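Everything numeric here is computed off the predicted structure, so don't read it as measured data.
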Amino acid sequence: MNRILQFDEWTEAVGGLFHEIEQAPQRFEARAAELYAQLSRWKEQMDEEQLRPWEAMLYTCLGILQWNSQPEGKGAESWLRRAVDLAPELEKAWKYMKLVLLAELASLFDDISFFPLRQVDPSERRKQKTLEVLQGIERLTGEKIKLAERWIAEGKATEKHLAAKDIVWEEASAWLAGLSELVREVEACAMAYHQSISGLYAPEEMLREFNEALERLNAYFEDWNTAMVGYRREAKQSPSALERLDALVGMKDIKKRIHDLYYFLLYLTKRRELGFKMQDEIGLHAILMGNPGTGKTTIARLLAEIYHELGLLERSSVIEVDRSQLVGSYVGHTEQKVMEAVQRAVGGVLFIDEAYSLKRAGSAENDFGQVAIDTLVAAMTGGEYAGKFAVILAGYPEEMRNFLLANPGLRSRFPEIGHFYLPDFTMDELVAIGQMVARNNQFVLTESAVAALKERIEVERVDATFGNARTVKNIVLDAITAKGRKLKGKEELPADEFTILYAEDFARPLPQAKPATERLHALVGLKEIKEEIKTLFALLSIQRKRKEQGLPVTPLQFHAFFSGNPGTGKTTVAEIYASILKEAGILKRGHLVTVGRADLVAEYVGQTAVKTRRKITEALGGVLFIDEAHALIPSGSNDYSAEAIDTLVEEMTKHKENLVVVLAGYPGFIEQLLDTNPGLRSRFKKYFHFPDYSLQELLEVARTYAAEQGYQLSLEAINRLRRYFEQRSGERSGNARLARDVIEEAMQRQARRLMDTGHTAFTREELMRLEESDIRPFPFLS
């Protein structure tokens, strides 16, 4: 749905939901929440009587959702009460109201239990325990029994609206009457015995009567709990590890493989029970590879429980460690730390997160990571701990593969059957995880909130550092946190704000910055570039609107060349260009990463690609701005800049619209740079030339920059600036940068001039004004 409905559409949707909700409540939770979000609109526009039945049906649906999503059914009662108040004839609402009342009644006396007194206890202790019994009785009569009376009365009232009658309320009423009588008896015994205690003496007969009364009361509660067990909303028995694995979102291939592994291990267990033995034992060690938040730790814990359930490990515990807990700082320290971890893991699982960090390629000779690996392998294969614990290694896919290739001894201890790759979650799976997180916290998302959640996920899902399920959980918890901010300046919130997450709750507070197009327009000069970018922005806006209407859109490339001398505004426009692409929905982050040759090209073979990829990863979701790109033109056989260009072209193809590259440099070198790689020319379709600033534009840059810093140029200062810029005409060395430098120098000279007067107080005008004498950036300026 996820759109504003007309009233007839809304009522039709509510009616359909009312009839379907019981079939699969979770499937309809977003629709129910979305329909409720639109209810306020009809409350303002429609007649109350006309809206009443539909409103009641919607409240019933929300009550059913709460009843099914939480073991205790918390939150259902308030929705159902609103439904029956509006439409007393609504039998479905009464049916669930009855279930709620019975569930509350069935669990009402769970925390009530009285322990007998002992004759051997000191008299003061018996006196104290007697008082505790009397306090418990007071709680029973003052709270519990009154609640039970109320719920039984309300339960009897529900029967008037239900076709099928139930004698449970009469039985509960009779039981409650018996309870009240028994409570009075216990209270009388307790008071009598309390008064009979005198010093060390207390009548044994009275103690026996008191304890017998307590025993009868406890037995009465047990009878009640047995009779009402069918109405309780207790949590289900703890599911097995396999059942909890199956309940996880996604992971289809992993689930199948672990199921296969489970039944294989079960087969070996049964075979062993029949007396058959295997000379070659199957190892329980495993390797989990996946990006952040893909469930590696969760799977490790489930594997530990599976091993324990099959009797292959004594315990289901998982000892989680990383490099810092295994690698020492001096000779002998690492062996000690590894063995301490192994000893703690005996009988269970040793889980090593980011295992590849134990030993990286090119590590220093004094790095004890390899010692940790050797010590671990020795403990796994020999000595007193061999076969008594399982090792599970986890880490990012590429790093783990390289790590295992570099450590063949370690790899041989982990058979392929125990290698598991956990892929990133799909968008649908991530949304399902988000809804589950909300449900676990007793919230539901409207359909528009689901769409807002998708947008937040898409913004976050930029590179391999995306946290998958972990990130989604944080997004949903952020949205719940946003609910608290709504209380600011208010005493109370509407009931729905405690159970429903709306799209507005997922909105990120953004800094109040001017739109990128406004910032571009405010720049001095650059008329042609402004027109080109304005045209591009218009095209992007129309493309987005066409997409919303289901019309085809033309794929565009946004990589660009910025050519021009220093100080002509290339970096500034690149930053605005990134913001424009973000505002148009092309880039997710819209940030600018500025690099030069030194950030991309290394001094040794094989390192340039690594450096280049690192900067590209940093720029994903934004613009990679390569300043003075002509420096990447290879100058000899030992120049690795060609590798940087090759890597750049490869990564641009890989990341597609998730990365925009801008090459900046002097005009004359562009063709030469394009010729260094055939793929480079085809990927750069946009060319922006930044001309040198004119005299008038330089003066405008200087005035604007001074104003931004809170200064004003006198007429004489402006004339001196003009003469200086005229002297530099033809050079334009620095352009806008030169103009800003001159103003910054003038600000310093103004400060010195004012302080040299010996005054301590200055007017606002004096503090702001830059005089002719302050404009002396160079000795030859006259």
Side-chain angles (χ1 to χ4, degrees), residues 67 70-74 76-77 96-121 125-159 164-194 196-197 202-239:
W67 172 255
Q70 301 300 326
E72 305 87 358
K74 297 294 184 184
E77 184 179 357
Y96 279 91
M97 177 64 81
K98 173 185 173 181
L99 293 176
V100 170
L101 291 171
L102 283 171
E104 290 174 330
L105 191 59
S107 61
L108 182 60
F109 301 102
D110 281 354
D111 57 346
I112 299 294
S113 183
F114 296 96
F115 297 97
L117 277 67
R118 300 185 306 172
Q119 183 68 35
V120 295
D121 287 340
R125 175 61 180 153
R126 278 178 281 153
K127 267 193 169 185
Q128 178 61 34
K129 290 180 72 174
T130 307
L131 288 175
E132 290 173 2
V133 170
L134 289 169
Q135 289 170 356
I137 294 296
E138 185 179 354
R139 181 184 171 210
L140 255 177
T141 54
E143 177 187 340
K144 299 281 186 177
I145 290 177
K146 286 184 178 179
L147 272 176
E149 289 172 345
R150 190 189 106 197
W151 288 336
I152 290 172
E154 290 182 359
K156 289 179 179 178
T158 65
E159 295 296 323
K165 304 301 178 184
D166 196 331
I167 63 170
V168 65
W169 303 110
E170 296 299 332
E171 293 174 341
S173 184
W175 181 88
L176 191 62
L179 174 64
S180 299
E181 183 179 341
L182 190 52
V183 165
R184 285 193 294 272
E185 180 185 343
V186 171
E187 186 177 25
C189 288
M191 293 183 68
Y193 182 68
H194 183 77
S196 72
I197 299 175
E204 291 188 20
E205 180 64 23
M206 293 188 72
L207 175 62
R208 184 180 58 77
E209 291 177 1
F210 180 33
N211 282 336
E212 287 176 354
L214 288 177
E215 189 175 341
R216 288 193 298 275
L217 183 58
N218 286 333
Y220 203 77
F221 285 130
E222 288 180 14
D223 291 342
W224 169 259
N225 290 333
T226 301
M228 297 295 287
V229 69
Y231 300 108
R232 300 171 71 89
R233 288 302 305 274
E234 294 177 341
K236 296 179 181 178
Q237 286 187 340
S238 297

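Note: Tyr193 OH to Glu204 CD = 8.5 Å, rounded to the nearest 0.5 Å. With values rounded to the nearest 0.5 angstrom, Ile137 atom CD1 is found 7.5 Å from Leu214 atom CG. Between the NZ atom in Lys156 and the OG1 atom in Thr158 there is a gap of 11.0 Å [rounded to 0.5 Å]. Note that the CH2 atom of Trp151 and the CD atom of Glu77 stand 7.5 Å from one another [nearest 0.5 Å].
Between the side chain of Ser173 and the main chain of Glu170, no donor-acceptor pair closer than 3.5 Å is present.
Under the salt bridge (Lys or Arg N to Asp or Glu O under 4.0 Å) criterion, Glu209 pairs with no residue at all, not counting sequence neighbours. With sequence neighbours excluded, no residue forms a salt bridge (Lys or Arg N to Asp or Glu O under 4.0 Å) with Glu171. By the side-chain hydrogen bond (donor to acceptor under 3.5 Å, both in side chains) test, Trp169 pairs with Glu159, sequence neighbours left out. Arg150 meets the side-chain hydrogen bond (donor to acceptor under 3.5 Å, both in side chains) test with Glu154; sequence neighbours excluded. Every residue meeting the side-chain hydrogen bond (donor to acceptor under 3.5 Å, both in side chains) condition with Asp166, not counting sequence neighbours, appears here in chain and number order: Lys98. Glu149 meets the side-chain hydrogen bond (donor to acceptor under 3.5 Å, both in side chains) test with no other residue; sequence neighbours excluded. Under the ring pair (Phe, Tyr, Trp, His ring centres under 6.0 Å) criterion, Phe114 pairs with no residue, sequence neighbours left out. Ala148 meets the side chain to side chain contact (heavy atoms under 4.5 Å, CB included) test with Leu105, Leu108, Phe109, Leu176; sequence neighbours excluded. Under the rule for a side chain to side chain contact (heavy atoms under 4.5 Å, CB included), the partners of Arg139 that lie at least two apart in sequence or sit in another chain are Asp111, Ile112, Glu143, Lys144. The salt bridge (Lys or Arg N to Asp or Glu O under 4.0 Å) test applied to Arg118 returns Asp121, not counting sequence neighbours.
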Which pairs would a plain distance check flag for residues 182-189, meaning a side-chain donor or acceptor within less than 3.5 Å of a matching protein atom at least two apart in sequence or in another chain?
unit_1 : atom_1 : unit_2 : atom_2 : d
Glu185 : OE2    : Arg216 : NH2    : 2.1

Run the side chain to side chain contact (heavy atoms under 4.5 Å, CB included) check on Met228 and Leu102 step by step: do they pass?
-> CA-CA 8 Å; Met228 297 295 287; Leu102 283 171; 4.1 Å; yes

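In Glu132, the CD atom is crowded: over 12 heavy atoms of neighbouring residues, nucleotides or ligands sit closer than 6.0 Å. Within a 6.0 Å radius of CE in Met191, no more than 12 heavy atoms belonging to other residues, nucleotides or ligands are found.
Across all their heavy atoms, Ala190 and Leu134 have their closest contact at CB-CD2, 3.7 Å. Residue Tyr220 comes nearest to Ala174 through the heavy atom pair OH-O, 4.1 Å, listed as atom of the first residue, atom of the second, then distance.
Put simply, the side chain of Trp224 does not reach to within 4.5 Å of the side chain of Leu179, judged on heavy atoms. Residues Ile152 and Leu101 are not in side-chain contact: their nearest non-hydrogen atoms beyond the backbone lie 4.5 Å or more apart.
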